[in-house]
Structures are given as C-alpha cells and as structure tokens.
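Before any comments, here is the structure.
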Amino acid sequence: MCLAVPGRVLNLQERDGTLMSVVDFGGVHKDVCLEYIPDAAIGDYVVVHVGFAIQRLDEESALKTLAEFERLGVLNEEFGDGFALAAKQAGLADPTAESAQSKTEVTP
C-alpha cells in the first residue's frame, strides 16, 4: 500500500537542479523532492507520496494524522524494514534478525 504521509520540512537544498529536502515523518527522516511545492519553507508540513511533496498541510492536521498512523502501525509498515515486514506477512522468520545476530556473535 502506498500512502501519502505528512512530514515536516527540515531543510532545503538543491541537488542536480532539483529542489530537495529532508523531511521528518514522526522521527523517520527521508529525502523528499519539493519540485511540486517550490515555495515550501523549513518548518512547513507537507504531504508526501512516493518521495514527492504534493501539498501543504497545517500542523494540527499533520500531527493528528501522524499519531493515527503510528497507532495503526502504518508508519512502521511504510518506513520499516521491507524484508522483515515481508517475512512477517509470509509467516517466516525475520531474515534481518539472523544477520544481526551473526554480527554480534563472537567466535573464539
């Protein structure tokens, strides 16, 4: 499922002629293209779909939506580890847990 998720613009930068930003989605930071909202400012809340900010949103609505998404587990589904989520949905063991465990094991 692809959602449009609200987030807060943390910075503005131009990369290869494209207006970009790091956007905060309730603690998860992602690069976002701001070309559709070129007058976005730091601190603005924007609705992001597949990496593009598509509209502004007031802070109250953004925070309510983020809280509801968090309550429903949607943020983890949208931004979490895709391999772990796919394994869980298939009823399999988390493939990332095994590699994380092997990295922490010490061989004598």
Side-chain angles (χ1 to χ4, degrees):
M1 168 176 27
C2 288
L3 296 174
V5 181
R8 190 171 138 263
V9 174
L10 297 179
N11 64 24
L12 301 171
Q13 52 194 288
E14 188 175 313
R15 282 192 235 146
D16 299 321
T18 302
L19 182 60
M20 299 291 292
S21 174
V22 173
V23 174
D24 177 16
F25 300 96
V28 176
H29 295 178
K30 296 284 183 179
D31 285 332
V32 170
C33 177
L34 295 177
E35 286 294 313
Y36 295 132
I37 308 175
D39 58 340
I42 293 172
D44 283 354
Y45 282 85
V46 293
V47 176
V48 178
H49 179 63
V50 293
F52 291 85
I54 56 175
Q55 76 178 56
R56 276 192 188 76
L57 186 64
D58 64 276
E59 182 176 15
E60 181 181 354
S61 296
L63 294 176
K64 281 182 182 178
T65 302
L66 283 169
E68 188 63 16
F69 282 2
E70 180 68 29
R71 185 184 73 76
L72 295 171
V74 172
L75 290 180
N76 189 44
E77 184 176 309
E78 194 69 13
F79 297 123
D81 184 326
F83 291 114
L85 179 62
K88 180 179 177 183
Q89 290 173 341
L92 302 172
D94 179 352
T96 60
E98 189 175 299
S99 65
Q101 181 181 0
S102 65
K103 289 179 185 176
T104 60
E105 291 178 357
V106 178
T107 50

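Values reported hereafter were calculated over all heavy atoms of this structure, with side chains retained and with hydrogens, waters and symmetry mates removed. Keep in mind the model is a prediction, meaning the values are calculated, not measured.
Closest of all the heavy-atom pairs between His49 and Ile54 is CB-CD1, 4.0 Å. Phe69 approaches Ala4 most closely through the heavy-atom pair CE2-O, 3.9 Å.
Side-chain atoms of Arg56 and Asp39, non-hydrogen and from C-beta on, do get closer than 4.5 Å to each other.
How far CG of Leu57 is from OG1 of Thr65: 6.0 Å, rounded to the nearest 0.5 Å. Here the straight-line distance linking atom NZ of Lys64 with atom CD of Glu68 works out to 11.0 Å at 0.5 Å rounding. Between the OH atom of Tyr45 and the CG atom of Asp24 there is a distance of 7.5 Å, given to the nearest 0.5 Å. Taking CG of Leu12 as the reference point, atom CD1 of Ile42 lies at 4.5 Å (rounded to 0.5 Å). Atom OG1 of Thr18 sits about 10.5 Å away from atom CG of Leu34, to the nearest 0.5 Å.
Listed by chain and number, the residues in a side-chain hydrogen bond (donor to acceptor under 3.5 Å, both in side chains) with Arg15 are Gln13, Asp31 (sequence neighbours excluded). Shown here are the salt bridge (Lys or Arg N to Asp or Glu O under 4.0 Å) partners of Asp16, two or more places apart in sequence or in another chain: there are none.
Residues Leu19 and Val9 fall within the same hydrophobic cluster, defined by Ile, Leu, Val, Met, Phe, Trp and Tyr side chains chained together at heavy-atom separations under 4.5 Å.
Clustering of Ile, Leu, Val, Met, Phe, Trp and Tyr by side-chain heavy atoms under 4.5 Å joins Val22 with Leu10.
The residue from Val47, Val23, Leu66 that alone fulfils the side-chain contact (heavy atoms from CB on, under 4.5 Å) condition with Val5 is Leu66.
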